[in-house]
Number of protein chains: 2
Amino acid sequence: MAKKVKNNKRQLILDEAAKLFKAKGFGGTSMRDLGAQVGMEAASMYNHINSKDEILEIICFHVSDTYISQLAQIEQTQASYVDKIKALIHLHIRLMIEDGAAVSVANNDWKYLTADKLEAFKQARKNYEKGFAALIEQGIAAGELQPVNTSVALFTILSAVRWVELWYRPGRGITAEELEENIMTLLLNGLAK
Amino acid sequence: MAKKVKNNKRQLILDEAAKLFKAKGFGGTSMRDLGAQVGMEAASMYNHINSKDEILEIICFHVSDTYISQLAQIEQTQASYVDKIKALIHLHIRLMIEDGAAVSVANNDWKYLTADKLEAFKQARKNYEKGFAALIEQGIAAGELQPVNTSVALFTILSAVRWVELWYRPGRGITAEELEENIMTLLLNGLAK
DNA sequence: CGTAAAAACTAACGGCTGCTAGTCAACCAG
DNA sequence: CTGGTTGACTAGCAGCCGTTAGTTTTTACG
């Protein structure tokens, strides 16, 4: 019980940190800023977390772990390559909508990780990209996809999904489903008629 | 002549600042860091620039001015809507390759602009996006493009081009022309066969 | 060559940073 | 009721920040 309360406060700090890091950047967010947002003095937060760096670590690796485990799951299905890639695009859009602040931090502020954690994060991201790229490559080999450069396709897809987090709000006149459908159409069928 | 030398030093500071801001962020770059990179004490740079904020302003508005003037030029040509959009994509890729650091700063660090400059920058960007979106809208109305949501198409294109700056290096086994051709194919014709 | 302007330097300021130490109240198990 | 753990507080340290002031060196021109 006591443990649960502790976890709640800790999670609150992590959530608010993600929002602030997204809005003002890791360097632009002070522990005093974060304390004000959480409703606590800066020093008090050290009862729940060990350092500012640790907050960034937890956020970044939580996101990368999610992507990696989901990729592994999708790889094991029996779907076509097109459908596997669709599933990955779906995953990216869904995470952007559901946990946009954390994803945004993992995308933009990972470079402020401590040297060793930075290396680990870059390696994790590289592994994810390798797995994603392999799906594209196999899809091309199987004749399901256009014979474009694999890296170009990979990064274009990964980037094309990022803006969602900056733009999408419920009540913009477009639902999450419509949004996803539009992006999927664009990436798979293109803009030209 | 004396003026020219002054401009050179000033430009050197701006160029190195763009590189450092890109690598470590605006907040993560100190004037002492920048001085070391330029080969000068931090204080000495104030003979050439007025403030750290001013450096960011110059970089950001230089980029946005370039985009806006090029858009105006493209709007006035007699090409088809598809070709106008292609020209804009070409512009984005070319600027990313030629002046990647500055474009990166304008994309990522604009939020650290001073309040009034921030407002002006956001307005400029909004105007650019409006002009770009209008071309897409007209292209759809003319039957040249697929009837997707205009905003989705706009932001997908704008984002899909951003990664170039992080990834492209001459000698990666792909030329700028091939890169552009691949991206153009993906965005206009899609990944699926 | 002399002189004035341009551009570099050193030193330092007030303010903010992440974080620690020490204290004290609230709570909960025995 | 009591003892101890938890989690909040205030105060403050050492260090970096952007920037200014004042001084000295370098440069360019008549």
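Proteins come first, then strands; the chains are lettered A, B, ... in the order of their sequence lines, and each starts at number 1.
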Participant: Strictly below 4.0 Å: does A/K9 bring a side-chain N or O up to OP1 or OP2 of D/dA8?
Facilitator: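 Yes.
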Participant: What is the distance from CD of B/E41 to P of C/dA11, rounded to the nearest Å?
Facilitator: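 To the nearest whole Å, that distance equals 10 Å.
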Participant: Side chain to side chain donor-acceptor pair (under 3.5 Å), that's the test. Do A/N182 and A/E178 meet it? Break it down for me.
Facilitator: CA-CA 6 Å; A/N182 272 279; A/E178 287 169 343; over 6 Å; no
Participant: At under 4.0 Å, does any side-chain N or O of B/H48 touch on OP1 or OP2 of C/dA6?
Facilitator: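 Checking C/dA6 against B/H48, no side-chain N or O comes under 4.0 Å of OP1 or OP2.
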Participant: Which nucleotide, C/dC9, D/dG18, D/dA8, lies nearest any side-chain atom of A/N47?
Facilitator: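 So the side chain of A/N47 is nearest to D/dA8.
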Participant: Tell me which residues in residues 23-40 of chain A lie within less than 4.0 Å of DNA chain C, going by non-hydrogen atoms.
Facilitator: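 Close to the strand are A/T29, A/S30, A/M31, A/R32.
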Participant: Could you see if A/M96 belongs to whatever hydrophobic cluster contains A/F61? Use Ile, Leu, Val, Met, Phe, Trp, Tyr and a side-chain cutoff under 4.5 Å.
Facilitator: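 No: no chain of side-chain contacts under 4.5 Å links A/M96 to A/F61.
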Participant: Would you kindly give the CD1-to-C1' distance between A/I55 and C/dG18, to the nearest whole Å?
Facilitator: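 Computing the A/I55:CD1 to C/dG18:C1' distance gives 11 Å.
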Participant: Quick check on contacts: within residues 104-120 of chain A, what sits under 4.0 Å from DNA chain C by heavy-atom distance?
Facilitator: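 Nucleic-acid contacts, sorted: none.
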Participant: Counting only side-chain nitrogens and oxygens, does A/S44 get under 4.0 Å of the OP1 or OP2 atom of D/dC9?
Facilitator: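 For A/S44, the contact criterion (side-chain N or O under 4.0 Å from OP1 or OP2 of D/dC9) is met.
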Participant: With a 4.5 Å cut-off on side-chain heavy-atom distances among I, L, V, M, F, W and Y, is there a chain of contacts connecting A/L20 to A/V103?
Facilitator: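 In one cluster: no.
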Participant: Judged by modelled atom types alone, do A/Q37 and A/D33 share a side-chain donor-acceptor pair under 3.5 Å?
Facilitator: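 Result is no, nothing qualifies.
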Participant: Whether B/E16 and B/K19 form a salt bridge (side-chain N of Lys/Arg under 4.0 Å from carboxylate O of Asp/Glu) is what I want to check.
Facilitator: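 Looking at B/E16 together with B/K19, the answer is yes, because their closest N to O distance falls below 4.0 Å.
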Participant: CE of B/M45 versus P of C/dA7: gap in Å, rounded?
Facilitator: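 About 15 Å, once rounded to whole Å.
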Participant: Under 3.5 Å, is there a donor-acceptor pair between the side chain of B/S104 and the main chain of B/G100?
Facilitator: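 Side chain of B/S104 to backbone of B/G100: no pair is present.
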Participant: Take atom CD1 of A/I49 and atom P of C/dG18, then tell me their distance rounded to the nearest Å.
Facilitator: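 My rounded result for the distance is 10 Å.
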Participant: Using the side-chain contact (heavy atoms from CB on, under 4.5 Å) definition, which of the options B/I55, B/I59, B/D53 pairs with B/F26?
Facilitator: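 The side-chain contact (heavy atoms from CB on, under 4.5 Å) with B/F26 is passed solely by B/D53 among B/I55, B/I59, B/D53.
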Participant: If you only use heavy atoms from C-beta on, which nucleotide in D/dA11, C/dT10, D/dA8 is closest to the side chain of A/A43?
Facilitator: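 Given the options D/dA11, C/dT10, D/dA8, the side chain of A/A43 is closest to D/dA11.
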Participant: Can you measure A/E54 atom CD to C/dC19 atom C1' for me and round it to whole angstrom units?
Facilitator: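 Nearest whole value for this atom pair: 14 Å.
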Participant: With clusters defined by side-chain heavy atoms of hydrophobic residues (ILVMFWY) lying less than 4.5 Å apart, directly or transitively, does B/V105 cluster with B/M45?
Facilitator: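 In one cluster with B/M45: B/V105, yes.
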Participant: Mind calculating the distance between CG (B/N50) and C1' (D/dT20) to the nearest angstrom?
Facilitator: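 It works out to 13 Å between those atoms.
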Participant: B/W167 side chain to B/V164 main-chain N or O, any donor-acceptor pair under 3.5 Å?
Facilitator: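 No.
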